[in-house]
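Working notes, beginning with the structure itself.
Predicted model, so just to flag it, every value in this text is computed and none were measured.
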Amino acid sequence: TDVTLFRLNANGDLVWSSKIDAYKDDFISDALQLADGTFLLVGTTYSSPIDSVYSDILVMQVDDAGFIMWSKVFGGSDYDEAQSIVDIGNDQYVILGNTWSFGSVLKSALAMKINAGGDQFWTNISSTTISNYFYKGAKTDDGFIAVGGTFNVSGGTSFDHYVTKF
């Protein structure tokens, strides 16, 4: 699946569209407009050079006309997915999602800090139960919070939400 970007004006009229070709399935799950008018996009790709079977985290910057400025892939030998991106200030961003490649349980929550060029500073893996993920976050005065969930707690079929402060 190719990724198609659409830019609309305040009235909902199409300003431009841009198609990003992929040889397998790619999905954009969140976009963040930067002060210079460009956009950071995060999502999941199956077109990764890291592995040819499982998904990896896709991060790209596109200009204000939808052309790719740079693109990076992060992940390991299993499923890795990005759900959202949070602007934490000073040209630094946190990508939130999950990983099956790293951590001590089947699916671990993932928070990864990058700069505006996509360079990775740190990664935090949360492996509290069998299945964990972060799906949204927000900047705070002294860091940021990530909202996530757990599934199959203690072998049951329950689902719990949680908030993590960084």
Side-chain angles (χ1 to χ4, degrees), residues 3-10 15 18 20 26-50 54-76 78-129 131-151 159-166:
V3 172
T4 304
L5 306 174
F6 298 95
R7 181 153 188 190
L8 309 175
N9 64 19
V15 176
S18 175
I20 301 170
D26 290 353
F27 307 94
I28 299 299
S29 53
D30 202 8
L32 181 67
Q33 187 170 22
L34 306 183
D36 64 1
T38 64
F39 297 88
L40 282 180
L41 309 176
V42 297
T44 303
T45 179
Y46 286 85
S47 303
S48 170
I50 295 175
Y54 301 104
S55 63
D56 290 305
I57 293 171
L58 173 65
V59 184
M60 69 174 68
Q61 185 175 17
V62 298
D63 65 16
D64 61 356
F67 293 102
I68 298 174
M69 298 171 65
W70 57 260
S71 176
K72 294 190 179 183
V73 176
F74 300 94
D78 214 324
Y79 295 103
D80 303 296
E81 303 168 328
Q83 299 298 322
S84 63
I85 186 165
V86 179
D87 183 347
I88 60 171
N90 298 322
D91 289 329
Q92 298 179 3
Y93 309 90
V94 175
I95 297 168
L96 300 172
N98 63 77
T99 178
W100 293 38
S101 297
F102 307 101
S104 60
V105 297
L106 178 64
K107 180 164 76 171
S108 298
L110 174 136
M112 180 173 62
K113 183 178 176 182
I114 64 168
N115 65 12
D119 300 314
Q120 183 178 356
F121 288 106
W122 54 254
T123 300
N124 178 284
I125 306 293
S126 175
S127 302
T128 57
T129 64
S131 181
N132 310 270
Y133 62 90
F134 291 133
Y135 57 86
K136 257 331 203 183
K139 182 182 183 307
T140 63
D141 289 338
D142 59 348
F144 72 97
I145 60 169
V147 179
T150 62
F151 180 73
F159 181 84
D160 295 316
H161 295 281
Y162 62 88
V163 176
T164 302
K165 174 88 167 113
F166 290 87

Rounded to the nearest 0.5 Å, what's the gap from [atom1] on [X] to [atom2] on [Y]? Could you check?
X	Y	atom1	atom2	result
Ile28	Leu41	CD1	CG	5.0 Å
Leu40	Ile85	CG	CD1	4.5 Å
Phe39	Gln33	CZ	CD	4.0 Å

Quiz prompt | For Tyr46, side chain to side chain contact (heavy atoms under 4.5 Å, CB included) partners two or more places apart | solution = Lys24, Asp25, Phe27, Thr44, Ser55, Tyr79
Quiz prompt | Non-neighbouring partners of Lys136 that pass side chain to side chain contact (heavy atoms under 4.5 Å, CB included), sequence neighbours left out | solution = Asp30, Ser84
Quiz item: By salt bridge (Lys or Arg N to Asp or Glu O under 4.0 Å), which residues pair with Asp119, not counting sequence neighbours?
Solution: Lys72
Quiz prompt | Pairing residues for Asp36 by the salt bridge (Lys or Arg N to Asp or Glu O under 4.0 Å) criterion, not counting sequence neighbours | solution = none
For residues 56-63, run the donor-acceptor check on the side chains, cut-off 3.5 Å, and write out each pair with its distance to 0.1 Å, sequence neighbours left out.
unit_1 : atom_1 : unit_2 : atom_2 : d
Asp56  : OD2    : Ser48  : OG     : 2.7
Gln61  : OE1    : Trp70  : NE1    : 2.6
Gln61  : NE2    : Thr38  : OG1    : 2.7
Asp63  : OD1    : Ala65  : N      : 2.9
Asp63  : OD1    : Gly66  : N      : 3.0
Asp63  : OD1    : Phe67  : N      : 2.9

Self-check item: Nearest heavy atoms of Val42 and Ala82, plus distance in Å
Solution: CB-CB, 4.1 Å
Quick one: list whatever passes side chain to side chain donor-acceptor pair (under 3.5 Å) with [X], sequence neighbours left out.
X	answer
Thr123	Gln120
Ser29	none
Thr45	Asp26

Would you list the atom pairs, donor with acceptor, under 3.5 Å between side chains in residues 88-97 and any protein atom, with sequence neighbours excluded?
unit_1 : atom_1 : unit_2 : atom_2 : d
Gln92  : OE1    : Lys113 : NZ     : 2.7

Quiz item: Angle class for the Trp122/Phe166 ring planes (parallel below 30°, perpendicular above 60°, tilted otherwise)?
Solution: parallel
Quiz prompt | Full working for side chain to side chain contact (heavy atoms under 4.5 Å, CB included) between Leu110 and Asp80 | solution = CA-CA 9 Å; Leu110 174 136; Asp80 303 296; 5.6 Å; no
Quiz item: Do Asn98 and Gln83 touch side chain to side chain, with heavy atoms closer than 4.5 Å?
Solution: yes
